[in-house]
Amino acid sequence: MYNIDEWKHIFKLDPAKEIAEEMIDKVCESGTDAIIIGGTDNITLDGVLRLLSSIRHHDIPVILEISTIESVTPGYDYYFVPMVLNSQDKKWMMDIQHQAVTEYGDVINWNEMFAEGYCIMNEHSKVFKHANCKLPTDEEAIGYARMAEHLLRLPFFYLEYSGTYGDVSLVQSISEELDNTKLIYGGGIETKEQAAEVSAFADIIVVGNALYDNPKEALLTVQATK
Ligand code: 1GP
């Protein structure tokens, strides 16, 4: 339905945060390629449905990044399933996904479902602590990227710096490793300059927090990737 191969820019909206309807309209009309609904805590079915209904009357693909089984609902175009490669607990890599598939496997439309191999690089982020991650060295991060591409054959490798702007030289090194697996970069992008810089290497960049902190500037990140 949509051509994911052409996506360069995604805005991520957090169902646990307040955002004005007019702002949602601006996000949808910004020229961004898709919108991800996702966050780390206080994700409720109500929040997920509310954002979906505000976005739905715009012609833009909308993705639910699944953080809890309880907040999954039909109606999204795609469902992204995080598998946290650098978690120290098997739970975040395998078990919660397994539980969901065991429970809902009969009704899942697999064409809408994509796994994301997450590598979480910001030790101070909520998600790093939540998923009990271990900070990889650059070499180890490249190792995860190679696993995502060659062993696991994942559609996406997500280099996640959530809340802080990352190391662009590592983004470059990882992008050089990936051919079939798409590199998603997210974290700390606040300006169009940063968007352009990281977009030179990542297939897709994700902008989240800036939409809430400095929306005017955040909206400008779209054009920097085109
Ligand atoms: C978070 O990667 C996204 O999952 C975006 O990060 O909120 O720091 O932009 P920011």
Side-chain angles (χ1 to χ4, degrees), residues 7-19 23-24 26-27 30 32-43 47-48 51 62-68 71 76 78-87 92 114-131 133 135-136 141 144-145 148 154-168 170-171 174-175 181-199 201-222 224-225:
W7 291 357
K8 291 291 298 167
H9 184 285
I10 295 180
F11 278 125
K12 192 183 278 193
L13 295 177
D14 187 337
K17 288 188 189 167
E18 282 300 318
I19 185 165
M23 190 57 203
I24 295 178
K26 282 188 184 153
V27 168
S30 65
T32 190
D33 297 301
I35 294 172
I36 291 180
I37 308 304
T40 304
D41 35 43
N42 304 320
I43 309 303
V48 162
L51 275 178
V62 54
I63 300 153
L64 181 63
E65 191 170 55
I66 300 177
S67 39
T68 60
S71 59
Y76 280 78
Y78 302 103
Y79 296 84
F80 282 8
V81 180
M83 303 174 81
V84 185
L85 304 175
N86 65 320
S87 171
W92 299 104
F114 294 90
E116 307 166 289
Y118 258 80
C119 184
I120 304 176
M121 300 298 292
N122 175 8
E123 301 181 83
H124 305 293
S125 64
K126 257 195 286 184
V127 63
F128 187 98
K129 292 169 192 152
H130 183 75
C133 291
L135 189 67
Y144 283 129
L154 296 177
F156 297 108
F157 180 75
Y158 195 131
L159 196 65
E160 170 70 288
Y161 281 91
S162 182
T164 188
Y165 190 61
D167 175 358
V168 180
L170 181 61
V171 183
I174 288 178
S175 75
T181 296
K182 287 199 176 300
L183 175 57
I184 302 180
Y185 170 92
I189 297 176
E190 291 174 344
T191 64
K192 52 184 187 303
E193 288 76 19
Q194 289 170 330
E197 184 179 45
V198 76
S199 177
F201 305 115
D203 294 298
I204 298 171
I205 63 162
V206 177
V207 177
N209 276 315
L211 272 180
Y212 300 88
D213 300 340
N214 188 353
K216 238 182 178 169
E217 190 66 37
L219 290 169
L220 298 177
T221 60
V222 177
T225 65

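Everything numeric in this text was worked out from a predicted model, so none of it was measured. We count ligands from 1, going down the list as the structure has it; atoms in each ligand are counted the same way.
- Taking every heavy atom of G208 and a limit of under 4.0 angstrom, the matching atoms of ligand 1 come to 5 (C), 7 (O), 9 (O), 10 (P).
- Heavy atoms of G187 come nearer than 4.0 angstrom to ligand 1 in at least one pair.
- Among the atoms of V207, none of the N or O lies under 3.5 angstrom from an N or O of ligand 1.
- Checked by atom type, the side-chain pair Y165/E197 shows a donor-acceptor distance below 3.5 Å.
- Closest to atom 4 (O) of ligand 1, if we only count protein heavy atoms, is E160 OE2, 2.5 Å.
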Worksheet entry | Evaluation steps, side-chain contact (heavy atoms from CB on, under 4.5 Å), between C133 and V84 | CA-CA 8 Å; C133 291; V84 185; 3.7 Å; yes
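- The protein atom (non-hydrogen) at minimum distance from atom 7 (O) of ligand 1 is N209 N, 2.8 Å.
- Of all heavy-atom pairs spanning K8 and A202, the tightest one is NZ-O, 3.5 Å.
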Item to complete: Report the C-alpha distance between S67 and E65 in whole Å, list the side-chain angles of each, state the deciding distance to 0.1 Å, and finish with yes or no for side-chain contact (heavy atoms from CB on, under 4.5 Å).
Response: CA-CA 6 Å; S67 39; E65 191 170 55; over 6 Å; no
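- Taking the six-membered ring where tryptophan is involved, the planes of F114 and F80 are perpendicular, since the angle between them exceeds 60° and thus also 30°.
- For ligand 1, the atoms sitting less than 4.0 Å from at least one non-hydrogen atom of G186 are 2 (O), numbered in the order shown with element in parentheses.
- Side chain of S125 to main chain of N122: a donor-acceptor pair is present (N/O by atom type, distance under 3.5 Å, no hydrogens or angles).
- Shown in contact with G188 at under 4.0 Å from a heavy atom are these atoms of ligand 1, numbered in order with element: 8 (O), 9 (O), 10 (P).
- The proximity of Y158 to ligand 1, defined as any non-hydrogen pair under 4.0 Å, is limited to the side chain.
- On a distance-only criterion, G163 and ligand 1 share at least one N/O pair closer than 3.5 Å.
- Residue T164 has no N or O atom closer than 3.5 Å to an N or O atom of ligand 1.
- A donor atom on one side chain and an acceptor atom on the other are not found under 3.5 Å apart for H9 and S199.
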